[in-house]
Amino acid sequence: MASPLDDRTRAIISACVPALEAHGLAITTEMYRRLLANPDIRDLFNLSHQRDGEQPRALALAVLAYARNIENPGALSGMVERIAEKHVGLNILPQHYPYVADALLGAIAHVLGDAATPEIMEAWGKAYWFLAEILIGREEQIYEAHAAARGGWVGWRAFRVRARVPQAEGVVSFELVPEDGRPVMRHQPGQYLSFRLDVPGHGSERRNYSISSAPDSGHYRISVRRIDGGVVSDWLDDTVREGAIVQVSAPAGDFTLACPPASPLVFLSAGVGLTPFISMLGALEESGAQVPVRYIHGTRTPATEAFGAYIRDLAAAGKLTADIFYSRQAPKGEDAPAGVTRHEGRVTPQWLKQQVDAKATWYICGPDGFMRDMVAALREAGVPRERIRYEFFGSAADAVLV
């Protein structure tokens with residue numbers, strides 16, 4: 001267990017909040033420049049998040065949140081858990097942490113210059129290792145649980161693409177089975193897989209994809225949307241066919257659904273953000289859980305509506321009610337199926353506030369801006385914080401919502 005920080009260290013970190021507000025992004029950008037100069041460390045990261053600046057921004061928010069809550073780090077327990085799960089998915093180990101310490105402290109000294117006094121640097125060194133020890137301890141627990149689980153594993157495991165299924169315009173599903181023929185760990189509905197992929201012309205790449213199949217011990221399924229110019233999504237769509245071998249780490253993530261659930265459920269998604277909800281719906285179906293489920297989803301056109309037939313079947317069977325929003329073109333010339341309401345346009349905060357069931361647990365997944373708008377609307381409508389769950393794949397991109 002990490003030793004508590006002393007009063008002086010906490011006071012110094014708290015006093016650094018204005019500097020982080022002004023220079024946090026410059027510090028994290030410099031930190032990643034230093035860290036990624038090491039090829040062995042660089043291969044642990046999703047480099048697309050570096051190119052678009054997402055990861056430095058996310059870390060800057062996380063560091064700022066840490067400094068603001070240094071007197072009460074328990075307030076960041078949710079963020080810490082998400083980071084630990086992400087690290088386990090990417091196979092981050094204790095020996096990687098000193099590299100991050102050197103890069104972060106070096107970046108603070110570089111950006112703040114003379115303002116980075118020896119006292120400030122000492123305090124940030126203590127604060128970093130306090131948090132690092134918490135993460136290392138939690139990650140060790142998760143690794144041990146993976147190793148002990150039936151079908152579980154630690155590290156990278158070879159999986160073969162058993163089937164490749166076009167799911168919608170721009171979305172393809174890949175069914176994955178272990179190359180060694182042994183069982184796989186039953187995932188918790190809502191978890192994701194992390195992949196180590198060798199992409200020609202780009203080298204080693206890391207990606208996370210939500211599992212879109214119901215839990216079982218034989219296979220996983222992911223469903224990937226092609227992104228124009230996307231290094232990995234384009235390669236998967238253009239190149240990866242049945243029989244291809246990919247390297248996968250065990251299921252991770254805390255955006256999960258307990259079965260049977262204790263309250264009504266609302267699944268709110270946009271685009272390919274629906275994938276964890278398809279897994280959750282499959283788990284609910286298999287468990288026979290009797291709980292009201294509402295499915296709210298935004299897509300562009302009927303052609304881009306992944307798993308649309310599956311949702312209509314569940315609605316026709318009375319297992320959910322659905323609201324489908326079409327931002328560009330709604331279906332023409334046909335009535336909506338039983339249990340499904342169709343809308344033109346996007347899911348808006350104004351519409352959402354009129355639909356609030358304060359007794360329901362809300363699960364939200366989609367583009368970052370969409371999630372921020374939806375979470376803000378629900379909070380303004382009086383939904384308790386503990387009934388709002390959301391999935392950000394950036395390891396700390398939700399710090400603004402803490």
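Along the sequence shown, residues are numbered consecutively beginning with 1. Quantities reported herein were computed from a predicted structural model and do not represent experimental measurements.
- Within 6.0 Å of CZ in Arg346 there are 12 or fewer heavy atoms belonging to other residues, nucleotides or ligands.
- The environment of CD in Gln290 is sparse: at most 12 heavy-atom neighbours from other residues, nucleotides or ligands sit within 6.0 Å.
- When side chains are defined from C-beta on, Phe307 counts as touching Ser212, because their heavy atoms get closer than 4.5 Å.
- Looking only at side-chain heavy atoms (C-beta outward), Leu284 and Leu320 stay at 4.5 Å or farther from each other.
- The backbone N or O of Ile296 lies less than 3.5 Å from no partner atom in the side chain of Asp323, so there is not a single donor-acceptor pair.
- Between the Gln191 side chain and the Gly253 main chain, a donor and an acceptor come within less than 3.5 Å of each other.
- Identified under the salt bridge (Lys or Arg N to Asp or Glu O under 4.0 Å) test for residues 101-111, with sequence neighbours left out: none.
- Judged by distance alone, the side chain of Arg164 and the main-chain N or O of Asp237 form a donor-acceptor pair under 3.5 Å.
- Annotation: Trp235 is not in aromatic contact with Phe195 [ring centroid separation under 6.0 Å not met].
- The shortest side-chain heavy-atom distance between Arg160 and Val177 falls under the 4.5 Å cut-off.
- Using modelled atom types, one finds no donor on one side chain facing an acceptor on the other under 3.5 Å when comparing Ser223 with Thr275.
- Distance alone, capped at 3.5 Å, places no donor-acceptor pair between the Arg138 side chain and the Glu81 backbone.
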>> Does His219 form a side chain to side chain contact (heavy atoms under 4.5 Å, CB included) with Val184? I'd like the steps, not just the answer.
In response: CA-CA 7 Å; His219 83 291; Val184 299; 5.9 Å; no

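- In this structure, His343 has its ring center under 6.0 Å from that of Trp351.
- Of the residues listed (Lys332, Arg328, Arg300), the one engaging Glu344 in a salt bridge (Lys or Arg N to Asp or Glu O under 4.0 Å) is Lys332, and it is the only one.
- Proximity of a side-chain donor or acceptor of Tyr363 to a complementary backbone N or O of Phe255 within less than 3.5 Å is not detected.
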>> With side-chain hydrogen bond (donor to acceptor under 3.5 Å, both in side chains) as the criterion, how do Glu85 and Tyr192 come out once you've worked through the C-alpha distance, each side chain's angles and the decisive distance to 0.1 Å?
In response: CA-CA 10 Å; Glu85 292 278 353; Tyr192 56 83; 5.6 Å; no

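- Every pair passing side-chain hydrogen bond (donor to acceptor under 3.5 Å, both in side chains) that includes a residue from residues 312-321 is listed here, sequence neighbours excluded: Glu285-Lys319.
- A donor-acceptor contact closer than 3.5 angstrom links the side chains of Arg206 and Ser204.
- Counted within 6.0 Å of CZ on Arg241, heavy atoms from surrounding residues, nucleotides or ligands total more than 12; the atom is thus considered enclosed.
- Here the side chains of Lys126 and Ile13 are not in contact, with every heavy-atom distance at 4.5 Å or above.
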